[in-house]
Structure formats: C-alpha cells, structure tokens
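Shown next, in structure tokens, is the structure this report addresses.
Basis for what follows: all heavy atoms, side chains included, without hydrogens, waters or symmetry-related copies.
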Amino acid sequence: MPEARVIRLHPDGPDEPSGAATPTPGWEAQLAGGLDFLRRRLTGEYETDEFGFDPDLADHLLMPVLRPLFQKWFRVEVQGLENVPDVGGALVVANHSGTLPLDALMTTVALHDEHPAARRFRLLGADLVFQYPFVGAMARKLGATLACNEDAERLLTEGELVGVFPEGFKGIGKPFSERYTLQRFGRGGFVTAALRTGAPILPCAIVGAEEIYPMIGNARTAARILGLPYLPITPTFPLLGPLGAVPLPSKWFIAFGEPIETASYGPAAADDPMLVFNLTDQVRETIQQSLYQLLLQRRSVFS
C-alpha cells in the first residue's frame, strides 16, 4: 500500500503532494531510543501537565502504535494544513463517526507528524471516556481532557490546539445508512469557548472513518446492561469474535478548512445566543459541504 501523503491546498493552483511520511529510524536508533525511554520511566524523569498529558509517553509509546494505522492501513491524506496556525490557540471542530473514536486519534497523528510545527492536539472527550480506568488514563496521557468549557478555555488561553467533536455519541454511533450526514451539534458550547478566548475555529472534515466498522444494528438491551451508549452490530462483530474488532482498511481524507475568526466579536459575544447559534450552524454547514467534496475525490471506499 502507498505511504501517507499530505495534500496542500493552493489557492492559485492545483493541489500538490508535499512528500512521503518521515522515514523510520534504523533499528539501532530505535533500540537506543527505547532503552532511553525505559530509563526515564523507571527513574521518573518525565513530566505531565495539570491535565495529565504525558508527552514522553505519547511520543514514544502511543504515537508509534497509531502511525502504522495512519500510514499503511488507512493511507490517510491530509489537506489544508496551511490553515492550522504554527503557534497559538485554535479550536478544531470535526465530524465524528466510526463506532470507535479512531478519527480523533488519526487527526492527532496528522497534526503531530504532518504539520510543519508538529502541533499537539488536545482532545475534549465525553465523561464516559474517563470513567473506564485504562481507557481514561490513556486518554489523559495522550492529551485529552473533559469536554467542558472551563478546560477548553484554559487550554485555548495557553495557546493549545484543541479538538472537539460536537456530534458526540450521536455521530460516532450512528447507523451506516446515515453515513456522512452530520448529526445535531448540541448547544454550541465550543463556540462560546472560542468567543471567550478569541481563538479561531477550524472546521475539519474526515472521510473514511464511517466505513471502518459499518454499524448495521445496535444491541440496545445489552448496551444498557453494560452502561454503554450503544453496542454496535457490524458485518464482522460479533460474528467473528475478536477478529471483528479489526477495522476495515478504508481510504481516509482529513481536511482542515479556512479558519473562522472570533476575536473581533469580543468575549461578551459568548452570551449572545443568536450569534452562538449562527456560528455553530456556519461551522456545521462548512464541514458538511467539505465532506461532500472529499467523497467526490475518493475513487472508492478502499482506494
């Protein structure tokens, strides 16, 4: 399969590939890096921030696990990285799908590995994510925090690149028949966070995640017993057991749109419900139209 490549959107000309992904270091360098990583973990020579983000663990353990999926399995192509600022706070707002939140993880890899400034992506997650001991701890270490305005505003004020998926479980758990149709964006809490901090909003469209686990049914009774928002039935799960957890190798595109500035409105504008509604609707419509355009670029689901 071909390596992942980045497509940069040029206003005055056609899109051009920016080159292949960064080469993998030799085995000696990987071994030396691995031993150094183990030494730091054993001696405690690493730091975490107030949210629990552990850059050392993210870079040397979690990201290497995700990169093969990004480069080889989903063959992700990234567009519009020039719209993502090199420094300073910005709020990335994306569509959500795929039964499991692999779209959030692949966007994390895209911004870290493909952006010239290697931006960290600080995800905002639902309460349920942090209720599971292992999953919640790993989400924190990768840079995620609760999807609340207080945390979002603090991260944006500190100059972080923050990610939100306003569809929530309605988007990630929607049936396959509704693929690439955006669900409701809630009350626009992400817009108020951007307005209060003056951070630009970056609409982001993701194509490919809808097909990794095509959800053709929902075992609602079992989901309620397990305390889950849904329990998917796909063509491979639960029929194939653990093998059903392997995502299908769909072809992915991640596109970052032009920023929607908020600084000119002023912090007080966050209390204007009509403005919040209009900006929320603008972001949603921008993402929906971008999804339609990306689907036209894809030759088929798997290529």
Side-chain angles (χ1 to χ4, degrees), residues 51-52 62 65-66 69 74 93-108 122-152 162-193 204 206-250 252 280 283-284 287-288 291 301:
F51 298 97
L62 299 178
V65 171
L66 297 174
L69 283 175
F74 298 133
V93 183
N95 59 300
H96 212 12
S97 63
T99 303
L100 294 178
L102 292 183
D103 48 6
L105 298 177
M106 294 300 102
T107 306
T108 300
R122 306 302 296 273
L123 293 162
L124 301 179
D127 294 358
L128 183 64
V129 173
F130 302 99
Q131 292 176 7
Y132 296 101
F134 178 77
V135 174
M138 285 297 103
R140 290 275 186 193
K141 291 181 182 299
L142 192 58
T145 188
L146 287 172
C148 64
N149 273 27
E150 292 78 7
D151 284 2
V162 179
V164 62
F165 294 78
E167 294 173 281
F169 291 120
K170 299 189 302 295
I172 196 172
K174 66 176 176 286
F176 188 64
S177 60
E178 298 178 16
R179 60 193 179 277
Y180 299 115
T181 301
L182 291 181
Q183 306 298 297
R184 192 172 65 88
F185 266 23
R187 300 177 182 178
F190 67 91
V191 170
T192 62
C204 175
I206 303 171
V207 160
E210 295 277 15
E211 292 89 7
I212 59 174
Y213 300 112
M215 189 167 164
I216 57 176
N218 182 8
R220 291 184 174 83
T221 301
R224 283 195 298 270
I225 294 173
L226 295 173
L228 300 172
Y230 55 86
L231 187 60
I233 299 173
T234 75
T236 60
F237 181 84
L239 181 63
L240 299 183
L243 286 176
V246 177
L248 297 178
S250 56
W252 282 45
T280 302
V283 173
R284 185 182 182 278
I287 296 172
Q288 184 67 78
L291 288 174
V301 171

Open item on the list: Can you tell me which residue among T99, I212, T236, L100 is in a side-chain contact (heavy atoms from CB on, under 4.5 Å) with P247?
Closed with: I212

Examine distances only and state if a side-chain atom of [X] and a backbone atom of [Y] form a donor-acceptor pair shorter than 3.5 Å.
| X | Y | value |
| --- | --- | --- |
| R122 | V162 | no |
| R140 | A137 | no |
| N218 | P232 | no |

Hey, are the side chains of [X] and [Y] touching, using non-hydrogen atoms and a 4.5 Å cut-off?
| X | Y | answer |
| --- | --- | --- |
| N149 | T192 | yes |
| I206 | S97 | no |
| E167 | F185 | yes |
| R184 | R284 | no |
| F190 | T280 | yes |

Open item on the list: Walk me through whether Y230 and I172 qualify under side-chain contact (heavy atoms from CB on, under 4.5 Å).
Closed with: CA-CA 10 Å; Y230 55 86; I172 196 172; 3.3 Å; yes

Open item on the list: Determine whether L105 and L142 satisfy the following criterion, side-chain contact (heavy atoms from CB on, under 4.5 Å), listing intermediate values before the conclusion.
Closed with: CA-CA 9 Å; L105 298 177; L142 192 58; 3.4 Å; yes

Task: Non-hydrogen atoms of F130 and A139 that approach each other most closely - done: CE2-CB, 4.0 Å

- [ ] Report the relative orientation of the aromatic rings in F165 and H96; use parallel for angles under 30°, tilted for 30 to 60°, perpendicular for over 60°.
- [x] tilted

